[in-house]
Every structure is written in C-alpha cells, then in structure tokens.
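Single-structure report; data block below.
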Amino acid sequence: MKAPRGTRDVLPGETEKWQKIEKIARRVFSLYNYGEIRTPIFEDTSLFERSIGASTDIVEKEMYTFLDKKGRSLTLRPEGTAGVVRAYLEHKLYSRGGLEKFFYIGPFFRYERPQAGRNRQFYQVGVEAIGSDNPALDAEVIRLSLDFLNSLGLKTLQVSLNSIGCSACQPVYRNGLQEFLEKHLEELCDDCRERARRNPLRVLDCKREKCIAIVEDAPATLDFLCPSCKTHFESVRRYLDVLGTIYELSPRLVRGLDYYTRTTFEIVHSGLGAQNAVAGGGRFDRLIEEFGGKPTPAVGFAAGVDRIALIMGKGEEKSARGGNAPIVYIATAGREYLEECILLLNDLRSSGVSAEMDYDGRSLKSQFRVADKLGVRFAIILGQEGIILRDMRKGEQKEVKREEIIDGVKSCIMT
RNA sequence: GUGGGCGUAGCUCAGUUGGUUAGAGCACCAGGUUGUGGCCCUGGGGGCCGGGGGUUCGAAUCCCCUCGCUCACCCCA
C-alpha cells in the first residue's frame with residue numbers, strides 16, 4: 001500500500017512544524033484583521049474555468065475534474081481565490097459595506113509531475129482583501145506576506161514586483177507584445193509560438209535562452225500602463241518604501257492565472273531549487289464583476305506550506321518529540337498493579353498532567369528504557385514497597401503517598 | 001507531458017567478472033543487574049533485493065516492461 005503519487009503523509013514529529021506554520025499564519029493574518037474562511041474542497045468546474053482562465057495550464061491540463069453521481073462536473077480546487085470570491089458573492093458579503101478580509105488554510109490539488117516542493121495535493125495559506133482599490137492595500141498584502149514568512153524564521157527572501165495593467169491598458173499591451181512577437185516568431189521556441197497566439201504574456205517568463213534574449217527587447221508592461229494604473233503602481237511602490245520593504249522590479253513577472261490585474265508579486269527563496277516561489281499574489285480587480293457581482297477591486301496572496309516546511313526542515317532537521325513528551329511515565333513491578341496503575345494514570349490526566357504507561361507487560365528495566373526514550377520528566381513506580389516518584393533528570397527518587405503524587409508532580413513542574 | 005539519476009532490513013548504505021542459507025552501522029527487542037533509564041557488553045527478531053516478464057544450470061547483479069522516488073524542463077505556492 002502506498003499513498004497516491006504526488007501525495008504524502010505528514011507524520012507525528014513533522015506535523016508539529018506544520019502546526020507552527022498554521023499557528024503563525026493565524027496570528028499574523030489576525031493582526032492585519034483577516035478572518036478565516038473555509039470553502040469547499042471541490043467546486044463546480046466552471047468556477048475555475050471562468051476565473052483562472054480556460055487557456056491556462058492549470059485549467060487545460062492540471063485539474064482533478066470528475067463527474068459526480070448526478071453527472072455534475074466538479075473539480076478539486078487548484079487554488080484558493082475562486083472559492084473565496086464565490087462565497088463572497090453567494091453570501092452577499094458586499095452588503096456589509098466596505099472592505100472584506102479573508103484568510104484560508106488548506107489543501108489544493110493540481111495534476112503535475114511531482115518534484116521537490118511540488119505535490120499533487122499541496123497546502124496553501126493565503127489572504128484575499130475584497131472591496132478596495134487603494135494601493136495601500138497592495139502594499140499591506142505584500143508586507144503581510146513577508147511578515148508571515150519572516151515570523152517563521154525564513155531569510156534570504158526576495159520580492160519581485162510588477163504591474164500588468166487593467167482592462168483598459170492590458171489589452172493594449174497585449175497587442176503591442178503580440179505584434180512584437182509576430183516579428184520574432186521564427187526565433188521563438190515551439191511552446192512560445194503557440195503562446196504568442198493564445199496567451200502572449202506567458203512568453204515573458206519562458207526560461208529558454210533564445211526566448212529570454214528576444215524578450216529582453218520586448219515592450220515592458222510598465223511602459224503601457226494607463227495613467228490610473230501608473231499612478232496606482234507608483235503609490236504601491238511609495239508605500240512599500242515607506243514600510244521599508246525591499247523589492248525588485250520584474251517587468252517580466254506574469255502570473256499564470258488570467259484574473260490578475262495591476263499589481264503582481266512573487267516571493268522567492270534561494271534554498272528551494274527550481275520550485276523557488278514560496279508565495280505569490282496580486283490584484284484581481286475584474287474577477288468579482290466577471291462572476292456577476294458589481295465591479296469590486298480586490299487583492300490577495302497565497303504561500304505554499306509544503307515549500308515553507310521544506311525550507312524550515314533544512315535548518316533544524318529533527319526536533320524529535322521533545323516538546324510534547326508526556327510528563328509522567330508509570331512503571332509497575334508486575335501485573336497485579338495494573339488496576340492501581342490505570343487509575344493513577346487517569347487521575348493524572350484528569351488534572352492536566354500528561355502521562356503514559358506500559359501496555360506490553362514488560363520488565364521494569366524495559367519500562368525505564370521506554371520512559372527514558374519518551375523523555376518524560378518523572379517516573380512513578382508501583383510495587384510492593386509502595387509508590388516511588390523518580391525525577392528522571394536528577395536521577396533522584398523518594399517514596400510518596402498516593403494522595404500526594406499529583407500535587408507533588410505539579411509543584412515540581414512549576415519550579 | 002519530455003529527459004537524466006535512483007529503487008537491497010524501520011533508516012543510511014555495502015554487495016567483487018552473474019555462483020552457497022543477501023551483509024554492516026544505526027534503530028528495534030531481550031538478557032547481563034531476581035523491581036530502576038542513559039554508557040557498555042552479549043544475544044535476537046526483522047529483507048516477495050520496488051513489481052512483472054525474459055536470458056541462464058544459476059539473477060540483487062544482464063535485458064525488456066511497469067510502478068515509485070528524485071532532479072531538470074514545463075508550471076506554479
């Protein structure tokens with residue numbers, strides 16, 4: 001038996017790391033006033049086709065799509081924004097007046113060739129702020145992303161920033177780029193020839209040397225921005241400067257989802273290899289309207305939990321189970337003490353002291369070996385001579401009365 | 001979807017030009033200490049040698065297929 005390709009188990013010992021990531025995500029996102037939203041793992045297929053874009057790789061070849069028993073086409077969510085926007089509209093959350101801020105944590109699915117930091121079931125944390133086009137919000141989301149990653153102890157992060165314009169200027173740029181690409185069609189790789197026709201922006205981040213060289217001379221998105229997009233972008237940059245956030249302009253940073261407008265950004269980490277993006281995001285000012293809502297600007301980001309865990313794992317490989325070892329281990333001199341043992345165990349746990357015992361009827365020596373391996377603070381021995389409390393660290397022990405055990409243990413933990 | 005590397009014990013890996021019952025270290029279990037851990041010593045349990053097929057008197061070793069892992073392309077978080 002094996003977990004399906006591209007999926008994996010996170011076992012005790014590693015889950016602690018994941019819990020830490022989630023805990024810090026909740027804390028940081030709460031500081032910025034984002035509230036948690038939980039949307040379904042699967043949605044109607046059309047939701048993703050319409051939001052992500054029918055000609056994107058994600059929709060064309062990476063979705064887990066299936067028919068349910070009534071013949072409905074459903075898809076395991078490949079990203080988080082679509083579901084949040086759907087929920088926002090379905091529950092008419094716009095009626096609450098102003099800006100709505102959401103964060104989410106959960107699994108997503110894409111049918112891709114597994115690789116370091118790329119699984120078919122992967123986890124993301126992300127935020128969406130819906131209802132404002134204020135560039136301060138763009139800057140805030142970027143700031144928040146970095147806050148989150150920094151709080152986890154990640155260093156050597158690099159922010160790339162770009163603006164790809166709005167519904168007014170993006171088509172103009174698209175045409176300009178397309179014209180340029182037409183002239184160089186022969187020199188482009190096969191993929192890019194196809195992209196030039198269907199989704200020209202994607203040519204910009206082709207990794208082949210030939211294409212990179214050609215694209216060097218291609219028109220940049222920033223040169224085509226309309227006045228309002230230009231002002232918006234300048235403000236984003238100013239606010240980032242005010243916040244002391246270092247970034248670099250990446251005129252060729254184009255994201256793989258069609259709904260992005262204006263600000264796009266990506267955060268990469270040097271220790272990740274080819275899959276080096278730990279977080280990415282941007283504005284999606286058209287998406288709500290495309291789903292039938294009123295024109296509503298929005299901005300968000302998502303970070304890859306698997307990749308973060310990968311980076312964190314490089315520094316401090318084994319944290320073992322030190323942090324959550326039981327406090328007490330009860331050893332017995334024989335089976336006849338079993339009842340006393342389970343009762344004491346229960347009393348300890350009831351008063352908030354984590355405790356463990358031997359279920360295998362092992363020798364006292366073996367029980368101590370287990371207690372030592374677990375890393376417990378105290379061992380209690382039940383036997384003919386009464387009850388003995390042993391401090392495993394100090395190696396000291398003394399006889400205690402039954403009714404004094406729990407308080408004794410508790411007072412020792414305090415000191 | 002394409003290409004490279006790799007699959008031997010729970011883990012990390014040996015395994016000589018194909019040749020006896022496939023090994024080591026760590027981990028695990030038991031004993032040494034007839035109620036007491038860590039160190040040490042002794043012993044022990046564990047392997048469809050990823051799976052299937054083929055070549056051969058004989059395959060962990062050679063060939064083919066397949067599955068998986070991994071790195072890169074691609075894509076993205």
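Owing to the predicted nature of the structure, the values given are computational and were not obtained by experimental measurement. In the text below, chain A, chain B and the rest are named by the order of the sequence lines, each starting its count at 1.
- Residue-level contact check: Gly126(A) touches neither bases nor backbone, having no heavy atom under 4.0 Å from any strand.
- Following rounding to the nearest Å, Lys365(A) (NZ) and rG32(B) (C1') show an atom-to-atom distance of 6 Å.
- Residue-nucleotide stacking is present for Phe122(A) and rA77(B), judged by a side-chain ring centre under 5.5 Å from the six-membered base ring centre and planes under 30° apart.
- The base of rC29(B) is not paired with the side chain of Arg369(A) by any donor and acceptor separated by under 3.5 Å.
- For the pair Asp57(A) CG and rC75(B) P, the interatomic distance rounds to 6 Å; values are reported in whole Å.
- Note on Ser363(A): a side-chain N or O is less than 4.0 Å away from OP1 or OP2 of rG31(B).
- Remark: the Lys2(A) side chain and the rG50(B) base include no donor-acceptor N/O pair separated by less than 3.5 Å.
- One atom, CZ of Arg5(A), and another, C1' of rG1(B), lie 11 Å apart when rounded to the nearest Å.
- Taking every side-chain heavy atom of Pro114(A) into account, rU70(B) is the closest of rU70(B), rU36(B), rG37(B).
- Nucleotide rC26(B) holds its P atom 15 Å from the NZ atom of Lys373(A), rounded to whole Å.
- Across all strands, Ile388(A) comes closer than 4.0 Å to base atoms (heavy-atom distances).
- Judged by distance alone, the side chains of Glu289(A) and Thr296(A) never bring a donor and an acceptor atom under 3.5 Å apart.
- There is no side-chain donor-acceptor pair under 3.5 Å between Arg110(A) and Tyr64(A).
- For Arg390(A) against rG37(B), a side-chain-to-base donor-acceptor contact under 3.5 Å is present.
- No hydrogens or angles were tested; on distance alone, nothing pairs the side chain of Gln367(A) with the base of rU36(B) as donor and acceptor under 3.5 Å.
- Taking 4.0 angstrom as the limit, Ser366(A) places a side-chain polar atom (N or O) nearer than this to OP1 or OP2 of rA30(B).
- Taking for each of Gly280(A) and Gln384(A) the nucleotide of RNA chain B with the nearest heavy atom, the 5'-most of the two is the partner of Gln384(A).
- The aromatic rings of Phe122(A) and Phe108(A) sit tilted, their planes meeting at an angle between 30° and 60°.
- In the model, His269(A) has a side-chain atom that pairs as donor or acceptor with a side-chain atom of Thr156(A) under 3.5 Å.
- The residue Ala302(A) sits close only to the backbone: its heavy atoms come under 4.0 Å of sugar-phosphate atoms, none of a base.
- Toward the 5' end of RNA chain B, the nearer of the two residues Thr7(A) and Val376(A), judged by each one's closest nucleotide, is Val376(A).
- You'll find that the side chain of Arg362(A) is closest to rA30(B), out of rA77(B), rA30(B), rG31(B).
- Between Tyr34(A) and Phe103(A), the ring centre distance reaches or exceeds 6.0 Å.
- What separates CZ of Arg110(A) from P of rC76(B) is a distance of 8 Å, to the nearest Å.
- Rounded to an integer number of Å, the gap from CD of Glu60(A) to P of rC76(B) is 11 Å.
- Here Gly117(A) lies in heavy-atom contact (under 4.0 Å) with a base.
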Let me see the working for Tyr123(A) and Ile105(A) under side chain to side chain contact (heavy atoms under 4.5 Å, CB included), right down to the final yes or no.
-> CA-CA 7 Å; Tyr123(A) 295 79; Ile105(A) 297 178; over 6 Å; no
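- Rounded to an integer number of Å, the gap from Leu152(A) CG to rA77(B) P is 19 Å.
- Nucleotide rU2(B) holds its P atom 7 Å from the CZ atom of Arg113(A), rounded to whole Å.
- Gly386(A) comes within contact range of no nucleotide atom at all, as no heavy-atom separation falls under 4.0 Å.
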